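Report on the structure given below.
Since we're looking at a predicted model, the values are computed, not measured. Below, all heavy atoms of this structure are taken into account, side chains as well, without hydrogens, waters or symmetry copies.
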Amino acid sequence: MDKLTPLKPVPSLCAVIVALLIWFVVPVPEGVAPNAWHLLALFIGTIIAIIGKAMPIGAVSIIAIALVALTGVTNPGKPGAALDDALSGFSNQLIWLIGFSIMISLSLNKTGLGSRIVYYFISLFGKKTLGIAYALTLAETVLAPVTPSNTARGGGIIHPIMKSIADIFVSKPELNTSGKIGRYLSLVNYNINPITSAMFITATAPNPLIVNLIAKGAGSEFELTWGMWAIAALVPAICSLIVMPLVVYLLYPPEIKSTPDAPLFAQGKLQALGRITLPEKITLGVFALLLVLWAGVPAMIFGPALAVNPTTAAVIGLAILLATGVLSWEDVLKHKGAWDTVVWFAALVMMATYLGKLGLIGWLSQTVGSGIDHMGMSWVGGTILLTLVYLYSHYFFASTTAHVTAMFAAFFAAGIALGAPPALLGLILAFSSSLMMSLTHYATGTAPIIFGSGYATLGEWWKTGFIMSVVNLLIWALIGGVWWKWLGYW
């Protein structure tokens, strides 16, 4: 008989107790509907279960959907309508954009195109350790727009190659030789990830959720398209990607600074891969097509009538890969990560949406805004305070999705209530949602993979993460703010 997969008792109990206390014990605040407060109880219980990893996030999300339908909190007295509400997240286009994009990114590993791109950049720039760092940076940046799983990108594609390079120079944790080159490259390997995740809506799973929350919070004042996001991120991201390897180099300079063998190693790997194959060419073509469609090029050239919805573009890309045999339907079915993302994303989007519809987010934002207002702060000071609290509270989260779902809408609404320009506030919080990944060794799925390789100590990791968070925040708030002003976003 197969063994049962047990719940983790402590986080499960914490989630249940907190939800029950909010539901039955904590008085419903004035101005809040009882059913909105009860939905908040379910929401907070869900977030606690996700943070504590009581069960896999998809399983927690299914339970959350079931509880919303069963309790009828979104539509009291109408069970059928409550069930429709509970399942409404699956009709959100942004959820399927990420799901389809994750499926498309399978082709990077299956065809070997992802590795080929990384080895190519190392063959060009790898004569110096700093050059290898920039080669890894360039490679991940190229992969970012079509790899919605930042874990798959930084931990699954880039990290094994980074380890192979460290091995060439006998820089291994078990030999106490990480300082040669491995420590530096591993810290760079990880700190690329938050920056590239901030660059595109399709670079990490929570970004479409943020777009959804901004659209609902700002109304018709400011809605982010794929192209607007990418253009807004372009200048601050380039600055961060140039500065980051240098900052890490100053903090933990590698003992080996010249690496003449690295390009030879990369060239050998490229020779082993052989000439670019037909499946790789098709994959490249699909990625180029997706970038053109996501950036809205047809609409810019031929007019709005030929604009292609981003999710439609993703479906087209996946269809081409399936029709040409680059991916098989079995490949797609086996990709648990894609289907898992669709499920948990649908649950969290649904709950966040109805917290807004039922007025809870509006009440919370007014409460937070009033608290800051009583401190005598202008919207500028309030925006700075909200951003700092939002970013550094990630020390208490092991999931960017949980963090975004728990805090983004309330902080965005609070800033709007203080008079902050919606675009400026939305962009700062949106990009902070990725930049905060730098902080800890559990901040996102990429972190435990790279930290677990053992090249850097916990102290080295946290020190680098905190310093990079300050550097990135300054770059994106100051340079980014000027850039967005010039673009006319605010």
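For A69 against L83, the heavy-atom pair with the smallest separation is CB-CD1, 3.9 Å. The two residues A203 and R153 make their nearest non-hydrogen contact at O-NH1, 2.8 Å. In this structure, L130 and P245 approach most closely via the heavy-atom pair CD1-O, 4.0 Å. S453 approaches P173 most closely through the heavy-atom pair O-CG, 3.2 Å. Residues A49 and V60 share a closest heavy-atom pair of CB-CG1, 3.9 Å. Taking every heavy atom of both residues into account, I48 and P11 meet most closely at CG2-O, 4.3 Å.
Partner of W476 under the side chain to side chain contact (heavy atoms under 4.5 Å, CB included) criterion, chosen from V235, T387, L435: L435. With M436 as reference, S433 is the one residue of S434, S432, S433 to meet the side chain to side chain contact (heavy atoms under 4.5 Å, CB included) rule. Checked against Y134 for a side chain to side chain contact (heavy atoms under 4.5 Å, CB included), the options I192, L241, L246 give a single hit: L246.
Distance OG1/T196 to CG/L143: 9.0 Å, rounded to 0.5 Å. Put simply, OG1 on T147 and CG on L106 are 10.5 Å apart, with the number rounded to the nearest 0.5 Å. Expressed to the nearest 0.5 Å, how far CE of M350 lies from CG of L39 amounts to 7.5 Å. Expressed to the nearest 0.5 Å, how far CD1 of I242 lies from CD1 of I195 amounts to 10.5 Å. Note that the CD1 atom of I50 and the OG1 atom of T405 stand 7.0 Å from one another [nearest 0.5 Å]. Note that CG of N75 and CG of D84 are 9.0 Å apart. Values are rounded to the nearest 0.5 Å.
With ring centers used as reference points, F200 lies under 6.0 Å from W226. Ring centers of F451 and Y190: at least 6.0 Å apart, outside the cut-off. Ring centroid separation for the pair W37 and F43 does not come in under the 6.0 Å cut-off.
Side-chain contact between P236 and W483 is present, with at least one heavy-atom pair separated by less than 4.5 Å. No side-chain heavy atom of L386 sits less than 4.5 Å from a side-chain heavy atom of F412. By the 4.5 Å heavy-atom criterion applied to side chains, M228 and I231 are not counted as neighbours. Put simply, the side chain of L136 reaches to within 4.5 Å of the side chain of M162, judged on heavy atoms. In this structure the side chain of V471 never reaches within 4.5 angstrom of the side chain of M244, judged on heavy atoms. Side-chain contact check for M55 versus I63: some heavy-atom pair is nearer than 4.5 Å. Between Y390 and V404 the shortest side-chain heavy-atom distance falls below 4.5 Å. Residues I104 and V146 form no side-chain contact, since every pair of their non-hydrogen atoms from C-beta on lies 4.5 Å or further apart.
For the 3.5 Å distance criterion, the side chains of Y249 and T129 fail to qualify, holding no donor opposite an acceptor. Under the 3.5 Å distance criterion, with hydrogens and angles disregarded, no donor-acceptor pair is assigned to the side chains of S438 and N191. Donor-acceptor pairing under 3.5 Å is lacking for the side chains of T401 and W344. Side-chain contact check for H38 and T71: no donor-acceptor pair (N or O, by modelled atom type) lies under 3.5 Å. Between the side chains of N193 and T444, no donor-acceptor pair of N or O atoms lies under 3.5 Å. Using modelled atom types, one finds no donor on one side chain facing an acceptor on the other under 3.5 Å when comparing T440 with W462.
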ask   = Checking side-chain contact (heavy atoms from CB on, under 4.5 Å) for the pair F287/L108: CA distance, chi angles, key distance, verdict?
value = CA-CA 10 Å; F287 288 167; L108 284 170; 3.3 Å; yes
- Start with the C-alpha gap between M375 and L385, add the side-chain angles, then the distance that decides, and say whether side-chain contact (heavy atoms from CB on, under 4.5 Å) holds. CA-CA 11 Å; M375 297 169 65; L385 179 60; 4.2 Å; yes
Quiz item: So Y455 and K163, side-chain contact (heavy atoms from CB on, under 4.5 Å) or not? Walk me through it.
Solution: CA-CA 10 Å; Y455 291 99; K163 287 181 65 178; 3.8 Å; yes
*Determine, stepwise, if the pair Y252 / W461 fulfils ring pair (Phe, Tyr, Trp, His ring centres under 6.0 Å).*
CA-CA 11 Å; Y252 298 106; W461 190 279; over 10 Å; no
Does W23 form a side-chain contact (heavy atoms from CB on, under 4.5 Å) with V28? I'd like the steps, not just the answer. CA-CA 9 Å; W23 188 300; V28 179; over 6 Å; no
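Using a 30° and 60° split on the angle between ring planes, W379 and W490 fall in the perpendicular class, above 60°. Using a 30° and 60° split on the angle between ring planes, Y392 and Y395 fall in the parallel class, below 30°. Using a 30° and 60° split on the angle between ring planes, H394 and H403 fall in the parallel class, below 30°.
Counting only distance, with no hydrogens or angles, the side chain of N472 and the backbone of M468 share a donor-acceptor pair below 3.5 Å. Panel note: side chain E140, backbone T137; no donor-acceptor pair is recorded below 3.5 Å. At distances below 3.5 Å, at least one donor-acceptor pair connects side-chain atoms of T202 with backbone N or O atoms of P145. Although no hydrogens or angles enter the test, the distance criterion places no donor-acceptor pair under 3.5 Å between the side chain of S12 and the main chain of P9. With hydrogens and angles disregarded, no donor-acceptor distance shorter than 3.5 Å links the side chain of N189 to the backbone of I450.
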